[in-house]
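Read the structure below first, then the notes.
Values below: every heavy atom of this structure, side chains too, minus hydrogens, waters and symmetry copies. Residue numbering restarts at 1 for every chain, and letters A, B, ... go by the order of the sequence lines.
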Amino acid sequence: MDEIWPRLERLLPRVQKPARYIGCEDGAQAPEPQPEQVGWLLVYPDTYEVGLPNQGLQILYEILNEHPLSWAERGYAPWSDLDQLMRQEGLPFFSVDTHRPASAFDIMAFNLSAELTYTNLLNCIDLAGIPLRTAHRSADTPLVLAGGHCTYNPEPLADFLDAVVLGDGEEVIAEITAVVHDFRSAGRTGGSRVDLHRALAAVPGVYVPSLYDVEWDGPAVRSVTPRYPGVPERVEKRTVADLADWPYPRRQLVPVTEVVHDRLNVEVFRGCTRGCRFCQAGMITRPVRERPVQQVRQMIADGLERTGYDEVALTSLSSADYSGIAEVVSETVRSASSGRPVSVSLPSLRVDAFTVGVAAEIGRARRTGLTFAPEAGTWRMRQVINKLISDEDFDGAVESAYASGWRRMKLYFLTGLPSETDEDTLGIAEMARRAVSIGRRHTKGASVTVSVGGFVPKPFTPFQWFGQNTVAELQRKIGLLRDDLRRAGGVQLKWHDPKATLAEGIVSRGDRRLGAVIEDVWRNGGVFQEWSECFDIDRWTAAMERHGLSIDWYAHRHRTEDEVLPWEHLSAGLHKDFLWQDWRDALDAVGLEDCRWTPCYDCGACTGYGIEHIVASAVPPAGGSQGTGMSRPVAVPVRLVPSGAGA
Amino acid sequence: MTRLRVRYTKLGKIRFIGHRDLARVWERALRRSGLPIASTEGFSPRPKMHFGLALSTGFESLGEYLDVDLIDSTDAPQPSYAEEVLIARFAPLLPAGVAVQAVAVIERGKSLQAAVTACSWVIDLDGVAPTAVGGAVDRFLAADEVILERVRDDQVVEVDVRACVEELELIGACGLPGWESGTSIRLDLGTASPGLKVMELIGLLAPEATAHRVCRTHQWIEGAGSRQEPLAVTTASALAERQAS
């Protein structure tokens with residue numbers, strides 16, 4: 001079974017960072033599959049350092065290996081140096097657990113977290129020896145699947161993916177395993193791949209692109225319709241109703257080499273109802289499902305004990321909103337002080353004084369920088385995007401951060417937002433200067449790093465109809481900020497390459513015709529497009545031109561209400577009229593309060609699926625007004641879970 | 001303060017992690033071991049670990065060393081530092097290929113890096129005929145001086161490295177687990193200035209060869225007329241290691 005390793009180990013002395021390819025993590029498994037079991041190769045289509053920490057992949061890895069009908073290993077995109085050697089030596093894509101070739105698995109399943117990894121996905125399929133297009137695959141070729149946030153518009157990859165999973169994967173993977181198992185035990189015959197596809201399409205949450213016909217209306221989509229009876233007209237996402245049923249990962253992988261987010265990660269809740277209009281994650285993962293405090297505590301204690309890490313991150317889309325946050329943080333920090341020091345990190349911080357209070361407690365063990373994401377520079381702009389941080393919230397957070405001893409902070413902003421004026425853009429510089437001047441009252445060396453990214457509209461958000469800013473416009477806005485901040489002491493400005501923003505924007509709301517473009521970019525060497533040293537926009541513009549597609553039409557054009565969007569046959573539960581109304585409200589700068597603590601707006605995510613928010617606290621967290629409707633408290637439709645309930 | 005010396009292997013897949021990665025693996029293992037590890041003072045306390053000579057990424061070893069400082073507690077009972085207890089405790093905390101072979105409480109003295117004066121190596125050479133290597137070995141041993149050109153501050157410097165090589169011989173199979181070509185050399189390299197790196201020696205002996213497997217088999221502290229290892233593998237621990245593998 002170890003047929004790859006003896007050949008691979010002779011190549012590794014010739015590549016950068018060979019530790020990427022050896023596996024050997026604590027928590028890694030060495031499955032010994034039985035013939036009737038279905039093998040999954042879970043692939044993150046970027047480097048090992050970026051892909052290993054992915055929690056979704058680790059959760060599925062454990063669940064699949066616990067299930068009697070399946071086994072799973074992991075793979076990551078080889079960097080270009082090894083890629084080249086593998087092709088020279090005829091070495092196929094392999095798993096890092098026991099170094100099996102991809103052909104030893106029944107399913108190659110990709111995590112899709114970012115559009116710019118799509119060309120890597122094609123490269124991995126090709127390295128695996130699997131025909132690139134589903135149409136060219138036979139009955140015994142491994143299935144190519146994908147899950148993750150980007151699968152809410154999988155149309156650009158429709159030609160390459162056998163099936164796509166929408167939403168939470170915990171439950172649906174066993175159903176897919178069963179379909180593949182039954183298909184295999186019935187005996188594969190030539191030409192029956194379509195039967196397998198049809199069986200997969202019958203699983204709720206599974207979308208099989210090849211079973212749908214797209215009709216065009218000029219450049220636009222007229223309709224996407226199923227080709228067979230029994231194939232759903234609209235595929236609905238899967239949602240795990242209660243996170244308490246899934247305390248995974250139980251054995252988080254501890255790598256032997258440095259990776260990003262190299263720490264214990266405990267997911268405290270899934271979903272977010274802050275309602276930030278630019279945020280796809282917040283829209284598609286509703287409703288809010290908190291993990292019981294007692295379970296979080298247990299996962300932290302067991303995880304620290306087992307891994308030997310000295311840092312734990314409490315992950316979610318806005319961890320300060322977790323009902324048990326103060327309790328969990330202070331307990332973790334306090335319990336640790338008796339033994340060894342443990343630091344806690346909260347990757348997504350709300351901007352208010354309460355948050356800083358929690359952060360100050362955390363900071364005792366090891367204090368690094370503090371990061372806030374106000375996202376926009378003026379109150380008007382923040383109402384448009386529904387990130388309802390008032391100037392007072394912001395000033396209070398900054399004041400309390402510097403007063404608690406921080407000397408520097410990072411501020412994240414977006415530019416190129418709907419209705420953004422130069423005054424809004426320059427508001428970013430204004431906030432940065434204000435933060436420094438507040439900070440200097442506490443410490444002479446107070447400094448602020450401002451990080452600006454170009455906004456890319458995403459499917460299933462109220463901004464899905466918005467035409468993205470051009471590269472020239474984004475560059476002009478960054479230029480405005482640069483000029484304005486030139487003499488501002490203590491402020492460092494960083495920005496994301498607007499050209500990469502454009503490539504992401506072309507694909508984000510693309511349709512099936514983009515498949516040829518992605519393939520073209522890949523064939524011309526465009527892999528690792530998330531890495532600035534590998535990215536070149538010319539590959540994308542040339543490919544668009546070669547295939548007669550207009551960049552303006554895909555990226556910069558405002559959509560109208562009556563347009564059929566390429567992903568309309570898929571559903572994240574959100575009603576289109578809710579999203580459209582939210583888009584109109586945005587343009588009127590009308591904010592929308594968080595529905596956890598205010599009445600339901602009927603976005604569709606709860607009502608459509610018969611599920612509810614699971615929030616342990618009936619009142620919004622103290623310390624900030626940020627879209628919580630604090631000024632007018634109302635009875636709330638939440639299921640109350642006493643803290644400490646659950647396993 | 002008690003100082004513990006640990007001798008361990010780095011074999012197989014794990015040889016591809018670097019020195020810093022291995023240090024982090026050890027840091028987590030020590031934290032999990034429950035031993036009263038002393039920490040550095042200051043803002044960002046780290047366990048007091050002292051590593052011996054660094055091993056290049058991709059090289060294997062049958063004798064790596066690590067010194068760890070432990071707090072002597074007056075109120076708590078001192079944990080057992082018996083070799084077999086500690087070997088058993090570390091076994092599940094370390095990745096495959098990193099196996100503790102010996103542990104002992106030692107006197108605080110010279111650092112490992114200063115004390116070790118020579119290392120023994122076995123190197124598997126691929127892409128070269130055994131006779132060609134044999135000839136090069138004989139010529140090297142017969143020479144009074146062997147000149148190596150090094151670039152230092154943009155200047156080519158010639159150094160005589162003959163004295164760095166204490167022993168050198170052609171052997172057949174290297175005997176390391178996994179792939180091997182069947183042409184290997186065994187040698188002792190001194191660490192004193194000017195020093196000679198394994199890859200430099202291969203460049204002198206067989207520039208056309210590829211060294212796929214390089215293994216440090218021993219480290220030596222040389223005294224007057226005798227030499228000893230920083231920590232020898234006792235029969236008992238060698239036996240335990242053999243059983244574990």
task: Test B:Val25 against every option in A:Thr257, A:Val254, A:Val256 by the side chain to side chain contact (heavy atoms under 4.5 Å, CB included) rule and name the one that passes.
output: A:Val256

message: Please check if the number of heavy atoms outside A:Gln84 that lie under 6.0 Å from its CD is greater than 12.
response: no

query: Is the shortest distance from a Lys or Arg side-chain nitrogen in B:Arg28 or A:Asp26 to a carboxylate oxygen in the other one below 4.0 Å?
result: no

query: CD1/A:Ile22 to CD1/B:Ile17 distance, rounded to the nearest 0.5 angstrom?
result: 6.0 Å

NE2 (A:His261) with more than 12 external heavy atoms under 6.0 Å: no

field: For A:Asp310 against B:Arg46, the heavy-atom pair lying closest together
entry: OD2-NH2, 3.8 Å

field: Pick from B:Arg20, B:Arg213, B:Arg24 with the largest number of heavy-atom pairs that fall under 4.5 Å of chain A
entry: B:Arg24

query: Under 4.5 Å between any side-chain heavy atoms of A:Cys24 and B:Phe16, yes or no?
result: no

task: Identify which part of B:Thr210 has an atom lying under 4.5 Å from any heavy atom of chain A, answering side chain, backbone, both or neither.
output: neither

task: Apply the side chain to side chain donor-acceptor pair (under 3.5 Å) test between A:Glu9 and each candidate in B:Arg15, B:His212, B:Lys13; give the one that qualifies.
output: B:Arg15

- request: State the CG-CZ distance between B:Asp126 and A:Arg10, to the nearest 0.5 angstrom.
  value: 4.5 Å

